[in-house]
Number of protein chains: 2
Amino acid sequence: MNATYKDVKSDILSKITSGHWQPGSLIPNEIELAETYGCARATVNRAMRELADDGLIERRRKAGTRVRASPIRQARFDIPLVRREIEDKGAEYRYSLASRSIETAPDWLRTRLQLGQGTDALHLVCMHYADGDPFQHEDRWINLEVLPQARDADFSQVGPNEWLVSTIPFSTAEISFSATLADAALAGHLGCQTGDPLFTVERATWFEGSANTFVKLAYRPGHRMTTRY
Amino acid sequence: MNATYKDVKSDILSKITSGHWQPGSLIPNEIELAETYGCARATVNRAMRELADDGLIERRRKAGTRVRASPIRQARFDIPLVRREIEDKGAEYRYSLASRSIETAPDWLRTRLQLGQGTDALHLVCMHYADGDPFQHEDRWINLEVLPQARDADFSQVGPNEWLVSTIPFSTAEISFSATLADAALAGHLGCQTGDPLFTVERATWFEGSANTFVKLAYRPGHRMTTRY
DNA sequence: CCCTATATATAGTCTAGACATAAACGGAAT
DNA sequence: ATTCCGTTTATGTCTAGACTATATATAGGG
C-alpha cells in the first residue's frame with residue numbers, strides 16, 4: 001500500500017530480473033497494477049514509463065506492456081571537459097597550445113561538416129596533461145564563418161573546448177569512437193611510440209543548423225572509457 | 001495557453017539554445033512558468049524533469065532551476081547484438097566458432113570478475129562476418145559455476161551472446177572502450193596486418209550479484225562507433 | 001561572532017479523475 | 001478473401017490540489 005513510483009519501479013524490475021516475468025510476456029495493465037500496489041494509476045505510469053525509457057519493457061497502446069525479448073542494451077557515457085576528467089581523478093590539469101593557423105578548410109573537413117568552398121577555418125593543435133604526463137592530444141578546427149570571434153580569441157591559456165562551451169550556449173553533436181595508430185607527430189606529443197594504438201574520439205558540433213567545429217581527440221595509450229548500466 | 005509538456009520543453013529548450021537564458025542563469029520557478037504557459041504545474045514539472053535528465057538544466061529544491069554552465073554532454077549508445085548490427089546494415093551475417101575449451105579462470109579474469117580460486121570457465125573464441133568479411137572477433141569467458149548449463153550448450157551454430165541473452169533474463173554490466181593492437185592471432189582471424197589498431201569493447205556482466213561472463217570484442221580495422229545527441 | 005533553531009521557498013511526488021490517442025479486433029460491405 | 005469502419009482497450013497526457021523533502025535564509029541565543 002501507498003507505494004511510491006520508485007517502489008513500483010524496483011518491484012517490477014525485480015520481477016523481470018528474477019525471471020518471474022519472462023521476456024516477451026505480457027505485464028498486467030496499469031489499472032490492475034495500481035490496485036495491486038495500492039496507488040494511483042499515474043504512479044504506476046511513471047514507473048513503467050521509466051522502465052520503457054531504460055529499454056526493459058515495450059509499451060503499445062491497446063496492446064499493453066511486454067518484457068523486452070532482448071533488452072536494448074544502451075550505455076550512457078558522460079563526455080566531460082578534459083579539465084574535469086583530469087581533475088576528477090585528483091590529478092593536476094595543465095594545458096598547452098602546440099600550433100595555431102588559419103587555413104581554408106581541407107576537402108575532408110568540408111565534406112564532413114558540409115561547408116562551402118573556400119571557407120576559412122582556425123586550426124589548433126593542443127595538449128592536455130594530467131600531473132605533467134601527456135593525457136590527450138586535441139586536433140581542432142573551428143569554422144570562422146560561424147565563429148569569427150575565434151580569430152581574436154587567445155587560446156594560449158584557455159583550451160578551445162572551454163572557450164567554445166562559454167561561447168556557444170548549446171549545440172547538437174555527432175560523436176564517434178575509433179582506434180588510430182600514433183604517427184610520429186602524435187607519438188611525440190603523447191610521449192609514446194610510433195605505432196601505438198590510441199583510443200580516439202571525433203566530434204562534430206552544430207549550432208542552429210551550421211557546423212561550427214570539428215575535433216579529433218587522441219588519448220594516451222592504454223586509455224579506457226568505462227561505464228556501467 | 002493549453003501547452004503540452006512537449007511544447008513547454010521545446011520552448012524552454014529554444015530559450016536555452018538561443019542564448020536567451022544564459023548558462024548559469026536562474027529559470028523562473030514552476031508556478032510562474034505554469035502561469036506563463038497556461039498549464040498545470042505538473043506539466044511544467046515533467047518538461048523540466050526531462051530537461052534535467054538530458055543534462056541541460058540543474059534543479060535543486062529551494063534553490064530553483066538553472067541553465068547548466070557547461071552542459072553535461074552525454075552520449076547514449078545502443079549496444080545491439082552483433083547479428084543485428086550487421087543485419088541492420090543490410091549485410092549477411094555469418095558466425096563461426098574458432099575454439100572452445102574449459103579452463104580454470106586465469107588470474108586477470110578472477111581479479112576482474114571477483115571469482116574464487118579454481119573457478120572453472122568456458123573459454124570460447126568466435127568470429128562474426130558481414131557479407132563474408134571478418135567483422136568482429138569475440139573472446140568470451142563464461143563462469144561455469146553460475147552457468148553450468150553452458151558446458152553442454154552447442155556454440156557451433158549460435159553465438160554465445162545470443163545464447164546468453166536467451167538464458168539470462170537480465171543483467172547489469174560494466175562496459176569499456178579502448179584501442180588495442182592486432183597480434184598475429186587476431187590479425188589472422190580479422191584478415192588484417194599485425195600491428196593494426198583495433199577498436200575494442202570489453203564487457204563484464206553480472207546476474208544477481210555474481211559475474212557470469214566476460215567478453216573482449218575486437219572490431220575489424222577502421223570500425224567506428226557513432227552516435228548523435 | 002559563531003552556532004543553532006525556525007521559517008520559507010522551491011522542487012518532488014502523489015491522487016482522483018478526465019479526456020486524448022493509437023492500435024487491435026470484429027463485423028459489415030465489397 | 002479483402003477492405004473498411006466503428007468499438008474497445010490500454011497507454012499517454014493533463015488538471016487542480018495536496019503534502020513532502022530539502023536547501024537556503026534569517027533570527028535568536030550563547
Side-chain angles (χ1 to χ4, degrees), chain A residues 1-16 20-69 71-72 74 76, chain B residues 1-16 20-72 74:
Chain A
M1 284 299 170
N2 268 332
T4 67
Y5 84 92
K6 285 182 182 171
D7 295 335
V8 176
K9 185 176 175 183
S10 77
D11 189 74
I12 293 176
L13 183 59
S14 75
K15 280 202 169 59
I16 294 173
H20 188 333
W21 285 342
Q22 292 288 321
S25 68
L26 201 62
I27 286 180
N29 70 36
E30 293 187 349
I31 296 176
E32 286 175 51
L33 287 174
E35 283 165 10
T36 307
Y37 293 112
C39 65
R41 185 170 75 95
T43 304
V44 173
N45 181 274
R46 173 149 183 206
M48 302 268 272
R49 184 154 36 80
E50 292 196 359
L51 287 168
D53 284 347
D54 294 346
L56 276 134
I57 58 179
E58 220 169 357
R59 323 195 71 198
R60 258 162 53 227
R61 284 161 152 148
K62 163 77 184 176
T65 302
R66 303 184 164 274
V67 180
R68 285 199 106 101
I72 289 185
Q74 30 187 223
R76 216 165 139 161
Chain B
M1 283 298 171
N2 269 334
T4 68
Y5 84 93
K6 284 181 182 173
D7 296 335
V8 176
K9 186 177 173 182
S10 78
D11 189 75
I12 294 177
L13 183 60
S14 76
K15 281 201 166 61
I16 294 174
H20 188 335
W21 284 341
Q22 291 289 322
S25 68
L26 200 63
I27 287 179
N29 70 37
E30 294 187 349
I31 295 175
E32 286 175 50
L33 287 174
E35 283 165 10
T36 307
Y37 293 111
C39 64
R41 208 196 107 203
T43 304
V44 173
N45 181 274
R46 173 148 182 205
M48 303 271 271
R49 184 153 38 79
E50 292 196 359
L51 287 167
D53 284 346
D54 294 346
L56 276 134
I57 59 179
E58 218 169 0
R59 322 194 69 197
R60 261 160 50 224
R61 283 161 152 147
K62 163 76 184 182
T65 302
R66 305 185 161 274
V67 180
R68 283 198 107 102
S70 58
I72 289 185
Q74 34 188 220

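Sequence lines set the chain letters: A, B, ... in the order given, protein chains first and strands last, and positions in each chain run from 1.
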Value in whole Å for how far the [atom2] atom of [N] lies from [atom1] of [X]:
X: D7(A); N: dT15(C); atom1: CG; atom2: P; value: 11 Å
X: E35(A); N: dA10(D); atom1: CD; atom2: P; value: 12 Å
X: L26(A); N: dT9(D); atom1: CG; atom2: P; value: 15 Å

With sequence neighbours excluded, tell me which residues meet side chain to side chain contact (heavy atoms under 4.5 Å, CB included) with [X].
X: L33(A); result: I12(A), W21(A), I27(A), P28(A), Y37(A), V44(A), M48(A)
X: R66(B); result: L26(B)
X: S10(B); result: none

Return the set of residues passing side chain to side chain donor-acceptor pair (under 3.5 Å) with E30(B) (not counting sequence neighbours), or none when no residue passes.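 Side chain to side chain donor-acceptor pair (under 3.5 Å) check on E30(B) returns R41(B), N45(B), R59(B).
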Side chain to side chain donor-acceptor pair (under 3.5 Å) partners of K15(B), counting only residues at least two apart: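 Testing K15(B) for side chain to side chain donor-acceptor pair (under 3.5 Å), a comparison that skips the adjacent residues, returns D11(B).
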Quick one: what's the B/S/- string for nucleotides 4-14 of chain C, heavy-atom cutoff under 4.0 Å, read 5' to 3'? ----BBBBBBS
